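Notes follow the structure.
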Amino acid sequence: MMTTINPPHTVLKLAKTLEGAGFETWCVGGAVRDAMLGKQNLDWDFATAATPDQVRKVFRRTVPVGIEFGTIGVLDEANVMHEVTTFRRDVQTDGRHAVVEFGASLDEDLARRDFTINAIAYSPTREVVHDPFAGEKDLRAGIVRAVGAPADRMREDRLRALRAIRFAARYGFQIESRTWDAVVESAPHMTRLSPERVRQEIEKVMDQVALPSEAFAKWRDSGAFGTLIPDIAGATALQLRAIDHLRRPILATRPQRRVLRIAMLLAAAPAGRAAQTLKALRFSNATGSWISSLLDALAELEPPMRAALASPAGASDADIRRWVSTAGRTRFASVLRLADARWWAEREAGSNAPSSSSVSSLHRRALRIAYRDPVELSDLAVDGTDLQKLGITGPALGKALHSLLDAVVRDPSLNTPDRLLALARSRSSGTGPGA
Ligand code: ATP
Ligand code: MG
């Protein structure tokens, strides 16, 4: 098979420099695979006969990114870093970490890689492909196949099982049957993986895979959820499919999409469990509390929003103010996107759910209302000090403020100091201090 691979000029230059110094050098991994698929991948990684020390002598600007595993980062003129890794072989494995040894050949280096599609080498100086495991054939056929004996390779490193699933979902490939058997066999042993690694895998799925449900259905079916995230082991096809609808809107960033997708995944957990589950996976406290507050608001608001959007009258401004008030001004749009994704999955499955046009119009109205009307305590025309002057103190103070907020959410014209103080006075008389 003939493939034209056109690495950027800096890649050719880097390989030339190392080869000029007498060290065999190849491009390997994701960039070669993606070039063959006609996809762009900016991370061109190199494998070389040079040791890390030799690489550091050849280039002026280097970063010791993973020197114990033989990886040196080389900065090109544009300050882009390329990983250059010494040919290596594994001498000892424990289900995750390998002890590696340098002085290996290219073929030995390729043999320790995970899948045939990731074990293709390309020489940019000679423009030749070296593909001892027929990775290009599997690429053309759309197959993820372990290099060598699948069960052994996954016993060496259980992360490979999750990587197989990710690559298959990312490219729409099939997992070769013995490789899949080894994935399933790996699931009970995934306790070997650190929570950080598992979290990174989840993040990579959310970032790299257009339809994450295809990956997570395999996490579930292989037993990986059962071992790693038991709370969502019973996630339904519909719950997973909702994640796929969270695409990247214009102006939104990848991290913003990622966090919504993770929230949607956690929506499959029993109510109130998200924060703990995310903590166990070493997500930051900020991410954990953001997601659990989104899910709490989703659980509370999804039924009334669904009902209002289905009714002929639609949602009133007061309804929308109440929803925005419940979720919080900064959270409402995210909560609505989660609800929309779930409804989209339901409609696709043939169930009744609010239409996407009714959601869009709700979104527009909610934006206008959220920034025009009072919806949060800090929007009230009075504050705690004002109420204290009326003699309202202690726990009654918080209650009084919330009841004023309820009133202005129903009728924003009440939001003036005079009206609110009058309202507070009338409500506290009879239930005031001492009563
Ligand atoms: P991406 O586009 O996501 O970066 P990639 O194939 O470059 O894809 P990396 O995680 O960057 O993936 O790894 C680079 C290469 O290193 C892989 O292509 C594969 O050859 C090898 N590799 C990475 N992780 C493993 C592993 N756990 N076991 C064996 N080989 C691995
Ligand atoms: Mg890579």
Side-chain angles (χ1 to χ4, degrees), residues 5 7 11 26-48 65-66 69-74 80-100 104 106-122 129-136 138-139 144-171 173 179 182-183 186 189-190 192-194 196-210 212 215 254 258:
I5 296 176
V11 165
W26 297 79
C27 294
V28 289
V32 177
R33 175 194 69 225
D34 288 345
M36 284 183 163
L37 287 172
K39 295 182 198 286
Q40 209 188 21
N41 185 319
L42 300 174
D43 286 341
W44 288 82
D45 297 333
F46 297 82
T48 182
V65 285
F69 312 109
T71 305
I72 300 291
V74 174
V80 176
M81 196 177 77
H82 302 276
E83 291 193 355
V84 178
T85 305
T86 305
F87 292 151
R88 54 198 173 168
R89 69 176 80 84
D90 292 342
V91 287
Q92 202 191 315
T93 57
D94 70 352
R96 180 68 270 266
H97 308 281
V99 177
V100 299
L106 171 67
D107 280 338
E108 285 174 301
D109 187 88
L110 294 177
R112 67 173 287 287
R113 292 173 184 272
D114 45 9
F115 308 111
T116 61
I117 58 172
N118 288 345
I120 307 170
Y122 174 73
V129 169
H130 185 67
D131 183 17
F133 303 103
E136 187 169 8
D138 284 339
L139 264 187
V144 175
R145 183 196 310 272
V147 168
D152 295 347
R153 301 311 312 286
M154 295 204 190
R155 202 171 298 124
E156 292 167 6
D157 178 0
R158 300 300 181 182
L159 189 66
R160 290 173 186 157
L162 298 180
R163 287 173 57 87
I165 290 173
R166 170 158 54 91
F167 285 113
R170 178 171 167 186
Y171 298 114
F173 284 10
T179 302
V183 170
S186 291
H189 304 285
M190 287 182 185
R192 306 264 336 119
L193 302 177
S194 71
E196 287 81 1
R197 271 295 169 180
V198 176
R199 184 195 72 217
Q200 281 170 14
E201 260 313 304
I202 293 170
E203 291 174 340
K204 285 184 181 184
V205 169
M206 298 309 189
D207 289 351
Q208 296 179 340
V209 179
R254 219 169 255 260
R258 180 202 283 178

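Just so you know, ligand 1 is whichever comes first in the structure, and atom 1 is the first atom listed for that ligand. Since the model is a prediction, treat every value here as computed from it, not as a measurement.
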Original post:
Of the protein's non-hydrogen atoms, which lies at the shortest distance from atom 27 (N) of ligand 1, and what is that distance?
Top reply: Asp157 OD2, 2.9 Å
Subject >> Element-labelled atoms of ligand 1 that are located less than 4.0 Å from some non-hydrogen atom of Gly29 >> reply: 18 (O)
Original post:
Closest approach of Phe46 and Cys27, non-hydrogen atoms and distance?
Top reply: CE2-SG, 3.8 Å
**OP:** Report yes or no: does Leu159 have a heavy atom closer than 4.0 Å to ligand 1?
**Re:** no
Original post:
If we ignore angles and hydrogens, is there a donor and acceptor under 3.5 Å between the side chains of Ser186 and Arg158?
Top reply: yes
Original post:
Looking only at N/O atoms, are Phe167 and ligand 1 under 3.5 Å apart anywhere?
Top reply: no
Subject >> The single option from Glu196, Arg163, Met206 passing side-chain contact (heavy atoms from CB on, under 4.5 Å) against Glu201 >> reply: Arg163
**OP:** For atom 8 (O) of ligand 1, grab the closest protein heavy atom and report residue, atom and distance to one decimal in Å.
**Re:** Arg33 NH2, 3.2 Å
Original post:
Going by the angle between their ring planes, with limits at 30° and 60°, are Tyr171 and Phe167 parallel, tilted or perpendicular?
Top reply: parallel
Subject >> Salt bridge Glu203-Arg199, side-chain N to carboxylate O under 4.0 Å >> reply: yes
Subject >> Distance flag for atom 4 (O) of ligand 1, protein heavy atom under 4.0 Å >> reply: no
Subject >> Residue selection (non-hydrogen contact nearest atom 15 (C) of ligand 1) among Arg113, Lys39, Glu83 >> reply: Arg113
Subject >> Any Asp43 heavy atom less than 4.0 Å from ligand 1 >> reply: no
Subject >> Exam field: side chain Asp138 to backbone Thr116, donor-acceptor pair closer than 3.5 Å >> reply: no
Subject >> Gly30 neighbourhood, listing ligand 1 atoms whose heavy-atom distance to it stays under 4.0 Å >> reply: 5 (P), 6 (O), 7 (O), 18 (O)
**OP:** Take Arg112 and Glu108 through the salt bridge (Lys or Arg N to Asp or Glu O under 4.0 Å) test and state the conclusion after the steps.
**Re:** CA-CA 7 Å; Arg112 67 173 287 287; Glu108 285 174 301; over 6 Å; no
**OP:** Check each heavy atom of Arg170 against ligand 1 and say whether those closer than 4.0 Å belong to the side chain, the backbone, both or neither.
**Re:** side chain
Original post:
Quick one: nearest non-hydrogen protein atom to atom 30 (N) of ligand 1, plus distance?
Top reply: Asp114 N, 3.2 Å
Original post:
So, the side chain of Arg153 versus the backbone of Val147: is there a donor-acceptor pair under 3.5 Å, distance only?
Top reply: yes
Original post:
For ligand 1, which atoms, with element, lie under 4.0 Å from some heavy atom of Asn41?
Top reply: 2 (O)
**OP:** Return a yes/no value for Asp34: is any of its N or O atoms, backbone included, closer than 3.5 angstrom to an N or O of ligand 1?
**Re:** no
**OP:** Name the orientation class of the two ring planes belonging to His130 and Trp26 (parallel below 30°, tilted from 30 to 60°, perpendicular beyond 60°).
**Re:** tilted
**OP:** Quick one: look at Val28 and ligand 1, take heavy-atom pairs under 4.0 Å, and tell me if it's side chain, backbone, both or neither.
**Re:** neither
Original post:
Taking the minimum heavy-atom distance to atom 26 (C) of ligand 1, which of Arg153, Arg112, Arg160, Met154 ranks first?
Top reply: Arg160
**OP:** Between Gln200, Arg163, Arg166, flag the one that comes closest to atom 12 (O) of ligand 1 by a heavy atom.
**Re:** Arg163
**OP:** Keeping the roles fixed (side chain from Asp90, backbone from Val100), state whether a donor-acceptor pair exists under 3.5 Å.
**Re:** no
Original post:
If we only count N/O pairs under 3.5 Å, is Asp45 in contact with ligand 1?
Top reply: no
Subject >> Close approach of Glu156 to ligand 1, heavy atoms, under 4.0 angstrom >> reply: no
Original post:
Considering all heavy atoms of both residues, which atom of Thr48 and which atom of Val84 are nearest to each other, and what is their separation?
Top reply: CG2-CG1, 3.6 Å
